[in-house]
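Numbers here are sequence positions counted from 1. Quick note: numbers below take in every heavy atom, side chains included, and nothing from hydrogens, waters or symmetry partners.
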Amino acid sequence: MRDHPRHPRPLDMDAPLPEVWTGRATNRLQWVAAAAGAACMALGITLAVESPWTSGIAPLLMAVIGCVAAGLLVLFGTLAFVHVEVKVDDRAMEVRCGHMGVPRRRILLAHVVGAEYLPKVTPRQWGGWGYRWRPEKGKAVIVRRGEALTLRLDDGRSFTVTVDDAEAAVRVIRDRLRPPTPTGPTSA
């Protein structure tokens, strides 16, 4: 049984909003790229250990270092974006990527002027998967295609993240952005 369904139930409009909203998005295709990075590293290590090369040490070193470096770059670059976790509480929205939670972004709700639900975002719109920046769009964490939320910040920038049940997250954020209603009698 999956903890995070692909199409979660919508947030009940009459139910009270949660104190802390959490969501997640996963891209299992990234594991294929991670496996390719691990294979590249294994090739470099195999070359170093079982080298039958007789043409000199310089070409061998270049091949070994190149394979290991490329493998590490691909492996850790893809594992960072296998999934994203989003948490919204009464003060901030926090985004953590991958199993180590890095890169991480924390945006205080005091700096947010609006939140928008996007039903369909694709990596192509942002130039690929990962932590992205486009001058005309702002910054984003894109781990898969599908629904996303966008925060409009008080400095004119925006931040987008793909996450399951983004519509509920937007509802929670918008509720937190409203000025508090006074409780009790007001004096005139």
Side-chain angles (χ1 to χ4, degrees), residues 1-6 22-88 92-108 111-112 118 120-153 155-166 169:
M1 186 170 170
R2 291 168 50 182
D3 293 333
H4 302 281
R6 184 79 173 151
T22 58
R24 180 181 172 127
T26 302
N27 184 347
R28 289 184 179 86
L29 186 61
Q30 293 288 77
W31 286 106
V32 175
C40 193
M41 279 182 32
L43 175 63
I45 293 168
T46 302
L47 285 174
V49 173
E50 299 177 7
S51 172
W53 291 20
T54 57
S55 60
I57 192 78
L60 175 63
L61 277 176
M62 288 189 315
V64 169
I65 292 170
C67 284
V68 171
L72 282 172
L73 182 65
V74 170
L75 180 64
F76 289 110
T78 56
L79 286 181
F81 297 102
V82 168
H83 72 264
V84 64
E85 294 178 0
V86 178
K87 179 175 112 176
V88 178
M93 179 179 87
E94 185 171 3
V95 178
R96 293 175 166 225
C97 301
H99 298 288
M100 294 175 42
V102 178
R104 176 183 303 171
R105 176 87 191 260
R106 182 175 168 86
I107 300 172
L108 296 177
H111 298 289
V112 176
L118 303 172
K120 186 175 179 185
V121 172
T122 65
R124 176 183 276 176
Q125 294 168 319
W126 284 92
W129 285 302
Y131 198 101
R132 314 306 288 177
W133 174 73
R134 303 228 9 222
E136 71 279 6
K137 289 185 167 201
K139 294 180 181 175
V141 174
I142 308 296
V143 297
R144 53 115 173 106
R145 74 180 72 213
E147 61 183 313
L149 69 96
T150 295
L151 298 181
R152 289 185 320 280
L153 307 176
D155 62 2
R157 299 178 189 189
S158 67
F159 183 79
T160 301
V161 61
T162 53
V163 64
D164 293 338
D165 204 13

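Only one option out of Val141, Ile107, Val163 pairs with Val95 in a side chain to side chain contact (heavy atoms under 4.5 Å, CB included); it is Val141.
Within the 4.5 Å cutoff, side-chain heavy atoms of Asp164 are placed close to those of Arg144. Using a 4.5 Å cut-off on side-chain heavy atoms (C-beta onward), Val143 and His83 make no contact. With contacts defined as side-chain heavy-atom distances shorter than 4.5 Å, the pair Arg132/Lys137 does not qualify. Under the 4.5 Å side-chain criterion, counting only non-hydrogen atoms from C-beta, Met41 is in contact with Leu72.
In plain terms, the two heavy atoms of Ala63 and Leu47 that are nearest each other are CB-CD1, 4.0 Å. Taking every heavy atom of both residues into account, Cys67 and Cys40 meet most closely at O-SG, 3.3 Å. Nearest heavy atoms, Tyr131 versus Pro103: CD1-CG, 4.2 Å. Listed here is the closest heavy atom pair of Cys97 and Val84: SG-CG2, 4.2 Å. Heavy-atom minimum distance, Leu149 versus Ala169: CD2-CB, 3.6 Å. Taking each heavy atom of Pro123 and Trp129 in turn, the nearest pair found is CG-NE1, 3.2 Å.
Counting non-hydrogen atoms of other residues, nucleotides and ligands closer than 6.0 Å to CZ of Arg157 gives a total of 12 or fewer.
Arg96 pairs by the salt bridge (Lys or Arg N to Asp or Glu O under 4.0 Å) definition with Glu94, not counting sequence neighbours. Qualifying salt bridge (Lys or Arg N to Asp or Glu O under 4.0 Å) partners for Arg152, counting only residues two or more places apart in sequence or in other chains: none.
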Apply side chain to side chain contact (heavy atoms under 4.5 Å, CB included) to residues Leu153 and Val112 and explain how you reach the verdict.
CA-CA 4 Å; Leu153 307 176; Val112 176; 3.9 Å; yes

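Put simply, CZ on Arg145 and CD on Gln125 are 10.0 Å apart, with the number rounded to the nearest 0.5 Å. The OG1 atom of Thr162 sits 10.5 Å away from atom CG of Leu118, with the distance rounded to the nearest 0.5 Å.
Under the salt bridge (Lys or Arg N to Asp or Glu O under 4.0 Å) criterion, the residue pairs touching residues 56-85 are Arg24-Glu85, with sequence neighbours excluded.
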